[in-house]
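First up is the structure itself, then whatever we jot down about it.
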Amino acid sequence: MKFSRYHIAAVSAFLIWGFIPFPLKALTAFPSSQILYFRILVAVLTLLLISGTTRREQWRQTLALYKSKNPVEKRRLLLFTLLGGALLTINWLAFIYVVNHLDIQTGSFSYLLCPILTAALGFLILREHLRVNQWVSVGLSLMSCLLVGTDSVYNLLFSLLIAASYAFYLITQRLLKEYDKIVLLTLQLLLAFTFIGPSYPWFVGADAQPITGHFVGQIVLLSWLFTVIPLFLNLYALKELKSATVGVLMYLNPIINFTMAFLYFGEVASQQKVIAYAVIFASVVLYNLPIGKKREAPISA
């Protein structure tokens, strides 16, 4: 397969996301809710600016598509957009807390687990087909969760929260696949900030720290380089690449996270965790093997 600019875009997106612990670790002194509050604020302002200058046609198309739907489909769009904003807020908050107050390994484990959990939910909710090797992968993933649970139930619960919130988010996006993804993301973050924006003292709490130049710089870096830019790269890649190809490349993110956790941040893992990580890696490899796939029929001349 030829390595195109779309492959480069996908790889670049997941490489960038792989290094997200750096700006988060730089903000360890700040509450996770305060980091999240300003990440959403800067991201939504940036997306609104981009939408207002370069994506007006996509907004018009989205509005026209919404108007063409029946009342049930309109309510579904509103419900899933609101739900998407809530799921992203939960996912980001939990990940920030895990990286800064537990360990990077727990967050990385979540995103190794997430695609397989998404596939299982796709079967249960969307009735999507899973091959035998993919069902075995689901079983291995459950085994890895049990191994992590024997080491720390607390960490396992956060891993499951991160993985489940993002998996359910992806399911809602599949149900809204007709609509422009950037328009939906902008609406989701706008709705999320509509709820948390006016309640800063309550949302952040008494642990809120004074806003410094260092904080602002890291938040802008987090919102632009680690949120908006990789999102655009990922969407650009999806224009031409199969979702399965992007799904495999997605694993670059947690692999880089794991590497940094051990080699740069000096984290250590118990024997149970090492076995659990080996099992989840094996399940990921098995899940992506083309076992049982139907071969495409040759095209007649």
Side-chain angles (χ1 to χ4, degrees), residues 13-14 16-25 27-28 31-37 39-40 43 83-122 124-125 137-138 140-149 151-174 185 188-189 192 196 222-223 226-227 230-231 234 247 250-261 265 267 269 272-273 276-277 279-281 283-284 287:
F14 297 121
I16 291 171
W17 274 323
F19 290 95
I20 198 172
F22 280 103
L24 293 180
K25 285 289 189 183
L27 296 171
T28 302
S32 301
S33 54
Q34 190 172 14
I35 298 170
L36 175 72
Y37 185 95
R39 181 188 185 184
I40 292 178
L83 182 60
L87 289 169
L88 273 184
T89 301
I90 293 168
N91 179 266
W92 287 3
L93 180 60
F95 186 77
I96 292 168
Y97 175 80
V98 162
V99 169
N100 280 357
H101 300 287
L102 296 180
D103 52 46
I104 297 171
Q105 302 166 50
T106 300
S108 304
F109 181 79
S110 303
Y111 283 107
L112 280 174
L113 183 63
C114 181
I116 297 175
L117 179 58
T118 304
L121 289 174
L124 293 171
I125 298 173
S137 295
V138 172
L140 288 173
S141 299
L142 290 174
M143 186 186 300
S144 67
C145 289
L146 292 174
L147 288 167
V148 171
D151 184 70
S152 172
V153 175
Y154 187 70
N155 285 27
L156 173 61
L157 291 175
F158 268 102
S159 287
L160 291 174
L161 175 62
I162 294 169
S165 58
Y166 197 64
F168 275 109
Y169 174 75
L170 292 176
I171 293 295
T172 64
Q173 299 316 288
R174 288 183 189 178
L185 178 66
Q188 289 159 0
L189 294 183
I196 69 173
L222 179 64
S223 302
F226 291 94
T227 303
L231 279 171
N234 194 36
M250 182 191 299
Y251 291 111
L252 284 170
N253 177 357
I255 288 171
I256 295 171
N257 285 174
F258 272 120
T259 304
M260 286 194 305
F265 291 104
E267 292 186 5
Q272 292 98 315
K273 276 190 175 181
Y277 298 154
V279 171
I280 192 68
F281 273 117
S283 71
V284 165
Y287 180 85

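All values reported here derive from a predicted model rather than from experimental measurement.
- Among residues two or more places apart in sequence or in another chain, the side chain to side chain donor-acceptor pair (under 3.5 Å) test is passed with Asn100 by none.
- Across all their heavy atoms, Pro230 and Ala13 have their closest contact at O-CB, 3.5 Å.
- By the ring pair (Phe, Tyr, Trp, His ring centres under 6.0 Å) test, Phe19 is found to be paired with no residue, residues two or more places apart in sequence or in another chain being considered.
- The side-chain contact (heavy atoms from CB on, under 4.5 Å) test applied to Ala86 returns no partner, not counting sequence neighbours.
- No side-chain heavy atom of Leu222 sits less than 4.5 Å from a side-chain heavy atom of Trp92.
- No side-chain heavy atom of Asn155 sits less than 4.5 Å from a side-chain heavy atom of Val98.
- Judged as a ring pair (Phe, Tyr, Trp, His ring centres under 6.0 Å), and not counting sequence neighbours, Phe168 has no contacts.
- Residues satisfying the side-chain contact (heavy atoms from CB on, under 4.5 Å) criterion with Leu252, sequence neighbours excluded, are Val11, Phe14.
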Task: Evaluation steps, side chain to side chain contact (heavy atoms under 4.5 Å, CB included), between Tyr169 and Asn91 - done: CA-CA 9 Å; Tyr169 174 75; Asn91 179 266; over 6 Å; no
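- Taking CD1 of Ile171 as the start and CG of Leu83 as the end, the distance is 11.5 Å to the nearest 0.5 Å.
- Between atom CG of residue Leu93 and atom CZ of residue Arg39 there is a gap of 11.0 Å, rounded to the nearest 0.5 Å.
- Residues meeting the side chain to side chain donor-acceptor pair (under 3.5 Å) test with Tyr97, sequence neighbours left out: Tyr154.
- Counting non-hydrogen atoms of neighbouring residues, nucleotides and ligands closer than 6.0 angstrom, the OH atom of Tyr166 reaches no more than 12 such neighbours.
- Ring orientation note: the planes of Tyr277 and Phe109 are tilted relative to one another, at an angle of 30° to 60°.
- A donor-acceptor distance shorter than 3.5 angstrom exists from the side chain of Ser110 to the backbone of Ser159, with no hydrogens or angles considered.
- Note on residues 91-119: pairs passing salt bridge (charged side-chain N to carboxylate O under 4.0 Å, His left out), not counting sequence neighbours, are Asp103-Lys273.
- Remark: Leu27 engages Phe30, Ile35, His214, Phe215, Gln218, Ile219 in a side-chain contact (heavy atoms from CB on, under 4.5 Å) (not counting sequence neighbours).
- Contacts of Ser33 classified as side chain to side chain donor-acceptor pair (under 3.5 Å), with partners at least two apart in sequence or in another chain: none.
- A search for side-chain contact (heavy atoms from CB on, under 4.5 Å) contacts involving Leu231 returns Trp17, Leu185, Thr227, not counting sequence neighbours.
- Between Ile16 and Phe226 the shortest side-chain heavy-atom distance falls below 4.5 Å.
- Minimum heavy-atom separation, Cys114 to Ala167: SG-N, 3.9 Å.
- Closest of all the heavy-atom pairs between Pro254 and Ser108 is CB-O, 3.5 Å.
- Distance check: Leu112 CG to Leu117 CG gives 12.5 Å after rounding to the nearest 0.5 Å.
- Here the shortest heavy-atom pairing between Gly18 and Asn253 reads CA-OD1, 3.5 Å.
- Taking OG1 from Thr89 and CD1 from Ile196, the interatomic distance works out to 6.0 Å, rounded to the nearest 0.5 Å.
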TODO: Decide side chain to side chain contact (heavy atoms under 4.5 Å, CB included) for Phe22 and Phe265; before the verdict, give the C-alpha distance in whole Å, the side-chain angles of both, and the deciding distance to 0.1 Å.
DONE: CA-CA 10 Å; Phe22 280 103; Phe265 291 104; 4.1 Å; yes
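- Expressed to the nearest 0.5 Å, how far CG of Leu160 lies from CG of Leu113 amounts to 6.5 Å.
- Closest approach of Gln188 and Leu88 over heavy atoms only: OE1-CD1, 4.0 Å.
- Residues Ile162 and Gly107 share a closest heavy-atom pair of CD1-CA, 4.5 Å.
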